[in-house]
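Remarks on the structure that follows.
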Amino acid sequence: MPARIRKAVFPVAGLGTRFLPATKSMPKEMLTVVDRPLIQHVVDEAREAGIEHLIFVTGRNKGVIEDHFDRQPELEETLAARGKTAALETLAECLPEAGAASFIRQQAPLGLGHAVWCAREIVGDEPFAVILPDVLVQAPDKGCLAQMLDVYNSRGGNILAVEPVPDDQTQNYGVVATGGADGNVFPVTGMVEKPEPGTAPSNLTILGRYILQPEIFGLLSEQGAGSGGEIQLTDSMLTLLETQHFFAVEYEGRAFDCGSKAGFLAANVAFAIDRADLRDTVVAEIKKLL
Ligand code: UTP
């Protein structure tokens, strides 16, 4: 049995320029899908998968994320005095156990690879998960990370969640080259970040969920800037692929790229109509608009 995955890293230090002016003073990761911030959705996914320690890589202007995962005694007292038990329960269930969340600063947004590297001291010498909060996965049964852990527990190595996209969209993503599929699992033979149109090795794109071995940190510390002038996680994973196994998992469910406006709005509709308390009214409102 491979070493247990106990820790998840959430890179939340990006500038969120695609959502300006909303993200001028509010972190992109606090934008809400229905009534939970993006970051809460992915923390829920991690906790469902059995993750015990949450590591947030934050930056300037992100203090409110830290507050979100802390208690709010005044608010709690007011809710209790007014008998708002359901609201109190919601707050309690969102709160990590004391000591189970760490916050570290990426002092400059030099790229996803650099953000992950900033977590090296807290992760230490054990395999860990990375979850991007701007990708939400609506899964029918088990969350995306839990599905990846099923594969990891039987095969070990490094695991990437992948999703097929139309061929003309591969240039927007990290793309994997793979060997033959075993069910929904593909051995990874190569990776490229944002390939030139027409040059992608497949249409399977890396989605924002990773299980990585700690050797990635040594490679990230020497990684130069890549695509977009940023330190890219994909470039170091490609080097790690020379000595370790990577498996791509085509998970069950649907992903929403909440870093883009259309993906974010689609996620709000999809998550709302998935809720018994909202479905009918939201569907009626959408029909009126159309
Ligand atoms: P994005 O590539 O979506 O970048 O980052 P961004 O800065 O958040 O948004 P845009 O493109 O300017 O609109 C994916 C995830 O990685 C984090 C972001 O916070 C986001 O959760 N990230 C990105 C970092 O933590 N540090 C970085 O240097 C870059």
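Counting convention: from 1, in listed order, for ligands and their atoms alike.
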Checklist entry - Would one find an N or O of Q106, backbone or side chain, under 3.5 Å from an N or O of ligand 1? => result yes

Checklist outcome for this item: for atom 28 (O) of ligand 1, nearest protein heavy atom and its distance come out as G111 N, 2.7 Å

Item to check | Polar proximity ligand 1 side, K62 side, N/O cut 3.5 Å exclusive | outcome: no

Item to check | Per-atom contacts, ligand 1 versus P109 - under 4.0 Å to a heavy atom | outcome: 28 (O)

Checklist entry - So between L20, T17, V12, V116, whose heavy atom ends up nearest atom 12 (O) of ligand 1? => result T17

Checklist entry - For ligand 1, which atoms sit closer than 4.0 Å to a heavy atom of L110? => result 28 (O)

Checklist entry - Looking just at side-chain N and O atoms, do Y173 and E163 make a donor-acceptor pair shorter than 3.5 Å? => result no

Checklist entry - Considering all heavy atoms of both residues, which atom of L207 and which atom of C144 are nearest to each other, and what is their separation? => result CD2-SG, 4.2 Å

Checklist outcome for this item: Of all heavy-atom pairs linking P27 and N61, the shortest is CG-O, 3.6 Å

Checklist entry - At what distance is the nearest protein heavy atom to atom 24 (C) of ligand 1, and which residue and atom is it? => result G14 N, 3.4 Å

Checklist entry - So which heavy atom in the protein is nearest atom 4 (O) of ligand 1, and how far is it from that ligand atom? => result K28 NZ, 4.2 Å

Checklist outcome for this item: protein heavy-atom neighbour closest to atom 7 (O) of ligand 1 works out as L15 N, 2.9 Å

Checklist entry - Is the closest heavy atom of G259 to ligand 1 under 4.0 Å? => result no

Item to check | Taking atom 15 (C) of ligand 1 as the reference point, the nearest protein heavy atom with its distance | outcome: D134 OD2, 3.9 Å

Item to check | Any donor-acceptor N/O pair, S236 side chain to L233 backbone, under 3.5 Å | outcome: no

Checklist entry - Would you say the side-chain atoms of E45 pair up with the backbone N or O of L145, donor to acceptor, closer than 3.5 Å? => result yes

Checklist entry - Considering only heavy atoms, which of A13, A115, G16, P11 lies nearest to atom 21 (O) of ligand 1? => result P11

Item to check | E97 CD to R47 CZ distance, which is reported to the nearest 0.5 Å | outcome: 9.0 Å

Next on the checklist: Can you confirm whether or not the ring centre of Y210 sits under 6.0 Å from the ring centre of F246?
Outcome noted: no

Checklist entry - Does at least one non-hydrogen atom of H114 fall below 4.0 angstrom from an atom of ligand 1? => result no

Next on the checklist: Give me the residue, atom name and distance of the protein heavy atom closest to atom 2 (O) of ligand 1.
Outcome noted: R18 NH2, 4.4 Å

Next on the checklist: So if I count the atoms of ligand 1 from 1 in the order they appear, which ones are less than 4.0 Å from some heavy atom of P133?
Outcome noted: 21 (O)

Next on the checklist: Side chains of N158 and Q244: any donor to acceptor distance under 3.5 Å?
Outcome noted: yes

Next on the checklist: Counting the benzene-type ring for Trp, do Y152 and F247 have ring centres under 6.0 Å apart?
Outcome noted: no

Checklist entry - For residues T234 and E193, is any side-chain donor paired with an opposing acceptor at under 3.5 Å? => result yes

